[in-house]
Amino acid sequence: MSNTAKRLIDRFGAKSLAGWAGVSVVTVYRWSHTRQRGGTGGFVPQAHWERIIRNAAKDGVKVGINDLAGIADVAIA
């Protein structure tokens with residue numbers, strides 16, 4: 001199972017993600033939990049994507065749709 005939320009927490013920190021999304025740190029950690037444990041199954045809810053991208057950019061951090069969707073950057077040659 002893909003756990004995009006955990007990768008983003010490891011990369012940016014739960015506190016930064018929470019600030020950018022406008023949610024609590026507990027909510028950010030919950031994203032990494034399975035649905036059976038009350039989480040989102042490792043996905044960052046799309047309702048937060050725009051806010052995260054915009055607020056991260058204000059802090060000089062590039063977070064893109066591919067990061068949030070869990071899509072690896074692929075180079076096409």
Side-chain angles (χ1 to χ4, degrees):
M1 172 201 258
S2 171
N3 198 323
T4 302
K6 173 133 177 38
R7 280 196 302 278
L8 291 171
I9 292 167
D10 290 346
R11 183 172 168 194
F12 301 114
K15 187 174 179 181
S16 291
L17 284 169
W20 297 335
V23 298
S24 71
V25 171
V26 171
T27 297
V28 170
Y29 279 114
R30 192 173 299 128
W31 296 340
S32 66
H33 295 179
T34 63
R35 292 186 192 278
Q36 293 82 2
R37 289 186 57 211
T40 63
F43 298 99
V44 177
Q46 287 184 357
H48 300 295
W49 289 11
E50 182 180 353
R51 235 182 348 252
I52 291 171
I53 292 168
R54 185 179 57 244
N55 290 326
K58 288 179 184 176
D59 287 345
V61 178
K62 184 175 190 264
V63 179
I65 294 291
N66 288 354
D67 297 315
L68 296 167
I71 299 169
D73 290 328
V74 178
I76 299 174

Checklist entry - Are Phe43 and Leu68 connected, step by step, through hydrophobic side chains (Ile, Leu, Val, Met, Phe, Trp, Tyr) whose heavy atoms are closer than 4.5 Å? => result no

Next on the checklist: Using the side-chain hydrogen bond (donor to acceptor under 3.5 Å, both in side chains) criterion, which residues pair with Trp49? Sequence neighbours excluded.
Outcome noted: none

Checklist entry - Backbone N or O of Ile71 within a donor-acceptor pair of the Asn66 side chain at under 3.5 Å? => result no

Checklist entry - Taking atom CD1 of Ile52 and atom CG of Leu17, what is their separation to the nearest 0.5 Å? => result 6.0 Å

Checklist entry - Rounded to the nearest 0.5 Å, what separation is found between the CG atom of Asn3 and the CG atom of Asp10? => result 9.0 Å

Item to check | Set of residues satisfying side-chain hydrogen bond (donor to acceptor under 3.5 Å, both in side chains) with respect to Thr40, sequence neighbours excluded | outcome: none

Checklist outcome for this item: The side-chain hydrogen bond (donor to acceptor under 3.5 Å, both in side chains) partners of Thr27 (sequence neighbours excluded) come to Ser24

Checklist entry - Same cluster or not: are Val44 and Val61 linked, directly or through other Ile, Leu, Val, Met, Phe, Trp or Tyr residues, by side-chain heavy atoms under 4.5 angstrom apart? => result yes

Checklist entry - Among pairs that include at least one residue of residues 21-41, which meet ring-ring contact (aromatic ring centres under 6.0 Å, His included), considering only residues two or more places apart or in two chains? => result Trp31-His48

Checklist entry - Quick one: CZ on Arg54 to CG on Asp59, what's the gap to the nearest 0.5 Å? => result 12.5 Å

Checklist entry - How far apart are the closest heavy atoms of Ala14 and Val25, and which atoms are they? => result CB-CG1, 3.8 Å

Next on the checklist: Run the salt bridge (charged side-chain N to carboxylate O under 4.0 Å, His left out) test against Arg11 and tell me which residues pass, sequence neighbours left out.
Outcome noted: Asp67

Checklist entry - What's the shortest heavy-atom distance between Gly70 and Arg7, and which atoms? => result CA-NH2, 4.0 Å

Checklist outcome for this item: Applying side-chain hydrogen bond (donor to acceptor under 3.5 Å, both in side chains) to Lys15 and not counting sequence neighbours gives none

